[in-house]
2 protein chains.
Amino acid sequence: MATNKAIELDSTAAGDKTEQILQGAMQEFLTHGYAGTSMDKVAKTGGVSKATVYSYFQDKEGLFTALVQRLAAEKFVYFEAVPESTEPAIALRFVATTILDHASQEPHFLTFLRLVIAESGRFPQLAQIFVRNLTKPGIERLTQYLASHPELKLPDPEATARIFIGSLVYFQLTQDMMHGKEILPMERDRLIDGLLQLILRS
Amino acid sequence: MATNKAIELDSTAAGDKTEQILQGAMQEFLTHGYAGTSMDKVAKTGGVSKATVYSYFQDKEGLFTALVQRLAAEKFVYFEAVPESTEPAIALRFVATTILDHASQEPHFLTFLRLVIAESGRFPQLAQIFVRNLTKPGIERLTQYLASHPELKLPDPEATARIFIGSLVYFQLTQDMMHGKEILPMERDRLIDGLLQLILRS
DNA sequence: GTCTATATTTAGATAGAC
DNA sequence: GTCTATCTAAATATAGAC
C-alpha cells in the first residue's frame with residue numbers, strides 16, 4: 001500500500017514528529033538561547049514526549065545543531081539576485097529596502113541572527129554555516145552586480161558590497177536588536193539615502 | 001586607625017570581595033553567557049563562597065546586571081575623540097584602525113558585545129545601556145568630526161558616521177565573531193581603503 | 001562577614017510499559 | 001514508536017555555624 005509521499009513532503013505536516021520537534025525547538029531556542037532552553041519545554045512545545053525527542057535526536061546539542069543547520073539552509077535568505085540590467089539607483093535601493101524589511105517579513109530572522117551570534121563561541125561551526133549559506137551569497141551577489149557596472153567607478157566592488165551590507169546589518173543591530181531606536185533615532189530611508197549618495201557620486 | 005584608602009581604590013585589590021566577585025562573574029558570564037553560567041562557578045572563579053556572592057548581590061540577575069552596567073560604563077570605549085584639525089585621510093584611517101584593533105588590545109571587547117547581543121532579548125535595558133554608553137558616543141564623535149569638515153561635501157554626516165562604524169563592526173562580526181575569516185577572506189586594510197575612497201572622493 | 005552544608009527545583013537523559 | 005515515570009546531576013538560593 002503505497003502512501004502518498006507528496007503530502008509528507010510538506011514540512012509542516014502535523015503527523016511528522018521530526019517536524020513537530022524542530023518546530024518546538026525553533027520556538028524555544030530562538031526565544032531562550034541554547035543554555036536557556038530545556039528539553040522538557042521543547043517536547044511540550046512540539047507536542048511530543050521528551051523520550052520521543054531523544055529517539056529522533058541524539059542529545060540537546062544534536063537537536064540544536066540540526067535546527068540551526070536547517071534554518072541556515074532553508075528558511076532564510078538575505079536577498080535575491082538583482083538583474084544587472086536594472087540601473088544602480090533603483091537596484092541598490094531595492095536591495096537595501098529588501099534587507100531592512102526582512103525583519104518585518106520574516107520576524108524570526110533577527111532572532112535567528114541573535115542566536116547564532118550568541119552561540120558563536122560554543123558552536124563556531126554553526127556560525128560558519130551561517131556565513132557560508134547567508135552572508136557569503138549575499139556579499140557575492142552584490143559584488144557581482146557592482147562589478148558589472150563600471151560606470152560606478154568603484155575601485156573595489158567587494159569592499160563596497162561589504163560596506164553596503166555591513167551598514168544595513170549594523171543599523172538593524174543597533175536600532176532593533178539592541179533596542180536603540182529611541183536612544184539613537186534615525187529613519188531607515190535616511191541611512192539608505194546616505195549610502196546611495198556615497199556610492200553613486202562617481 | 002585610618003587605613004590607606006588609596007590602595008583600595010585599585011579595582012583589582014585582592015581583599016575587596018566585591019571586586020573578586022565581579023572578576024569571577026566577568027570571566028564566567030563572558031565565556032558562557034547568562035543561562036550557561038552557574039553561581040557556583042562564579043563563586044569559585046572569584047575565590048569566594050557562594051553565600052558571599054549572595055550577600056553582595058541580590059541574585060543572579062542582579063549580579064549580571066551590575067556586571068554589564070559596570071563594563072559598559074568603565075571598561076570599554078570605542079575610540080577617543082579625534083582633533084578636528086587632523087586632515088580627514090589621516091583621521092578616518094586612524095579611527096578605523098583603532099576600532100578594528102580594539103579586539104586585540106581589549107580581548108574581552110568582542111566577547112562583551114556578543115554577550116550583550118545574546119541577552120538583548122531577555123535584558124533589553126542592558127543592551128540600551130550599551131548603546132547609550134558606547135555606540136552613541138562613538139557615532140556622535142565621528143559625526144561631529146565629519147560635520148566640521150565641509151570640504152568633504154557630505155550631505156548627511158550622521159548617516160555617513162553610521163555607515164563608517166557599521167562597516168567596521170560588521171567586518172569584525174563576520175570575520176572574527178562568526179569565524180568567517182577563511183570563508184569570506186578580506187584584509188582589514190582593504191576594507192578601510194574602500195571606506196576612505198567612498199568618503200573622500202568628493 | 002564569611003564559610004560549609006543543605007533544601008528545593010529543574011535539567012539532561014533513559015528504562016520500561018503499551 | 002510513543003508515552004509515563006524515574007534516575008542522576010547540577011543549579012538557585014538560604015540556614016546556621018564560626
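Side chains included, hydrogens not; waters and symmetry mates left out as well; all remaining heavy atoms used. Here is how names work: the chains are called A, B, and so on, in the same order as the sequence lines, proteins then strands, and each is numbered from 1.
Residue A:Ser49 places at least one side-chain N or O closer than 4.0 Å to OP1 or OP2 of D:dC3. B:Tyr54 has a side-chain polar atom (N or O) that falls below the 4.0 Å cut-off from OP1 or OP2 of D:dA13.
What separates NZ of B:Lys17 from C1' of C:dT2 is a distance of 7 Å, to the nearest Å. The nearest whole Å value for the distance from the CG atom in A:Asp16 to the P atom in D:dT2 is 10 Å. Per the geometry, CD1 belonging to B:Ile21 stands 15 Å off P belonging to D:dT12, to the nearest Å.
Listed candidates were C:dA13, D:dC3, C:dC3. Nearest to the side chain of B:Val48 is C:dC3. Among C:dT14, D:dT14, D:dA13, the nucleotide with an atom closest to any side-chain atom of A:Ala51 is C:dT14.
Screening residues 165-184 of chain A for salt bridge (charged side-chain N to carboxylate O under 4.0 Å, His left out), with sequence neighbours left out, gives A:Asp176-A:Lys181. Within the structure, the salt bridge (charged side-chain N to carboxylate O under 4.0 Å, His left out) test picks out the following pairs touching residues 86-97 of chain A (sequence neighbours left out): A:Arg93-A:Asp193. Sorted by first and then second residue, the salt bridge (charged side-chain N to carboxylate O under 4.0 Å, His left out) pairs involving residues 45-69 of chain A (not counting sequence neighbours) are A:Asp40-A:Lys50.
One N or O on the side chain of A:Ser148 and one on the backbone of A:Tyr145 form a donor-acceptor pair closer than 3.5 Å.
Where the helix from C:dG1-D:dC18 to C:dC18-D:dG1 starts and where it ends, the local axes point in directions that differ by 10°; five pairs per end, rounded to 10°.
Ionic pairing of A:Glu158 and B:Arg190 is present here: one or more N-O contacts between side-chain nitrogen and carboxylate oxygen are shorter than 4.0 angstrom. We find that A:Glu19 and A:Arg70 are joined by a salt bridge, their nearest charged nitrogen and carboxylate oxygen being less than 4.0 Å apart.
Within 6.0 Å of CD in A:Glu84 there are more than 12 heavy atoms belonging to other residues, nucleotides or ligands.
Within 4.0 Å (heavy atoms only), A:Tyr56 reaches sugar-phosphate atoms of the nucleic acid but no base atom.
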Can you give the donor-acceptor pairs under 3.5 Å from side chains of residues 122-133 of chain B to other protein atoms, not counting sequence neighbours?
residue  : atom : partner  : partner atom : Å
B:Arg122 : NH2  : A:His32  : O            : 3.4
B:Gln128 : NE2  : A:His179 : O            : 2.9

Give me, pair by pair, the N or O atoms of the protein and of nucleotides 9-11 of chain C that are less than 3.5 Å apart, along with how far apart they are.
none

